[in-house]
Amino acid sequence: MDNKIYNKLGISDEVLCFSDKVLKELEERFKGIDETAEYNQCKVISAMQENRVNAVCFAATTGYGYDDVGRDNLEKVYASCFNTEAALVRPQITCGTHALAVALSAILRPGDELLSPVGKPYDTLEEVIGIRESKCSLKEFGITYSQVDLLQDGTFDYEKIKKAINEKTKMVTIQRSKGYQTRPTFSVSQIGEIISFVKSIKPDIICMVDNCYGEFVEKTEPSEVGADMIVGSLIKNPGGGLAPIGGYICGTSECIEKCAYRLSAPGLGQEVGANLGIMPAFYQGFFMAPTVVSGALKGAIFAARCYEKLGFKVVPNSTESRHDIIQAVELGSKERMLAFCKGIQAAAPVDSYVTPEPWAMPGYDSEVIMAAGAFVQGSSIELSADGPIRAPYAVYFQGGLTWYHAKLGIMMSIQKLYEAGLLNKELL
Ligand SMILES: *Cc1c(COP(=O)(O)O)cnc(C)c1O
């Protein structure tokens with residue numbers, strides 16, 4: 001590789017040489033990722049062909065959005081691809097948290113209990129559920145919450161889960177990705193096991209999987225191993241970087257019907273919701289998603305191997321199997337977190353000249369630092385790094401619309417740590 005273009009971008013020869021060494025070790029790993037991407041690309045194309053996607057699907061609708069062919073057909077494409085009876089895929093779903101809140105409040109009624117058998121859910125859900133006091137939380141509506149933590153080794157505590165399921169338990173929420181934690185992310189097969197277990201105790205429990213960051217990482221999705229609903233954000237994996245907003249819920253017809261009534265209004269449901277001309281980005285983004293996810297995965301593994309070699313704890317490590325696109329790197333200090341994020345920011349195509357600062361982000365309980373220079377604001381399928389400023393000072397690194405950009409971002413993060421004297425230089 002011609003070093004000059006990298007030197008121009010600010011990467012030194014030491015960091016380039018280190019990165020070349022690391023990449024040589026990852027060739028086999030990357031082949032496996034390409035193979036999964038190829039399979040998932042075929043899966044998406046097959047779903048589009050099955051549902052006869054055509055130019056009419058890309059037309060804009062306004063107002064009520066009755067008979068919106070593009071919207072209705074996109075939902076069929078998602079349902080086919082993720083193997084569910086139905087789907088709700090909408091720009092009116094503002095983000096992942098909103099999609100999850102819709103799914104939870106569509107199913108739960110006063111007196112019901114929600115169980116998380118996999119420990120604490122994602123930060124923003126604490127307020128949705130009412131774990132942290134919040135206006136309009138499920139708790140305010142008389143819905144209780146119970147939680148069973150994972151065992152020390154990150155596996156399910158079956159005994160306690162069995163005890164926690166009672167006559168009030170209506171719904172179980174399972175978060176696939178680790179989120180802002182250092183526990184392992186669950187594989188689709190592990191999720192299948194926990195769902196089977198829960199249903200063996202109480203068959204009518206609705207199992208919802210928070211699928212954020214997991215789509216297209218494996219060849220199957222949790223909806224194919226028993227989940228009644230899978231939920232995610234379109235500015236993460238399935239939007240392929242092109243969707244400028246949106247969320248999805250895929251699942252049984254009964255669940256999706258309720259979610260649609262909750263999202264719009266009882267009696268209206270899926271019939272309303274104009275697409276406002278956004279359909280080309282939703283279709284094309286879904287088409288691109290398997291390839292984009294593969295680039296992000298390569299970036300995550302490259303980051304894991306680099307930082308492992310530099311002496312940091314990384315979760316997952318560079319050899320473990322992957323079930324989401326997130327890479328946690330425990331940097332051990334606020335200064336290193338800031339330097340890492342500076343590097344990611346400096347490698348961006350947009351806003352590369354700004355310096356990320358920690359801030360009190362709505363929905364989170366400690367200050368959060370975020371680095372992203374994204375075409376879509378807040379998009380975390382684009383190269384981004386973030387993390388709450390608290391021990392163990394872990395940054396969560398994810399995304400990259402192309403592998404080459406992800407690679408540059410990681411090299412730049414190492415460069416910034418190196419320049420600030422925050423690395424053990426002998427390890428480089
Ligand atoms: C991102 C994320 C969410 C919330 O999504 P937003 O789009 O940020 O509201 C929920 N759960 C997990 C695991 C996530 O990664």
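Counting starts at 1 for both ligands and their atoms, in listed order.
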(request) Could you label the plane-to-plane angle of the F58 and Y283 rings as parallel, tilted or perpendicular, counting under 30° as parallel and over 60° as perpendicular? (result) perpendicular
(message) Is it true that R176 and Q190 share a donor-acceptor pair across their side chains at a distance under 3.5 Å?
(response) no
(request) If the plane angle is over 60° it's perpendicular, under 30° parallel, otherwise tilted; pick one for Y307 and F312. (result) tilted
(message) Taking the six-membered ring for Trp, are F156 and F186 closer than 6.0 Å centroid to centroid?
(response) yes
(request) Could you please provide the protein residues found below 4.0 Å of ligand 1 on a heavy-atom basis, arranged by chain and number? (result) C95, G96, T97, L100, Y122, Q175, D210, C212, Y213, S233, K236
(message) As an exercise, state the distance from CG of L114 to CD1 of I129, rounded to the nearest 0.5 Å.
(response) 5.0 Å
(request) Scan side-chain atoms only and decide if Q398 and D386 contain a donor-acceptor pair under the 3.5 Å cut-off. (result) yes
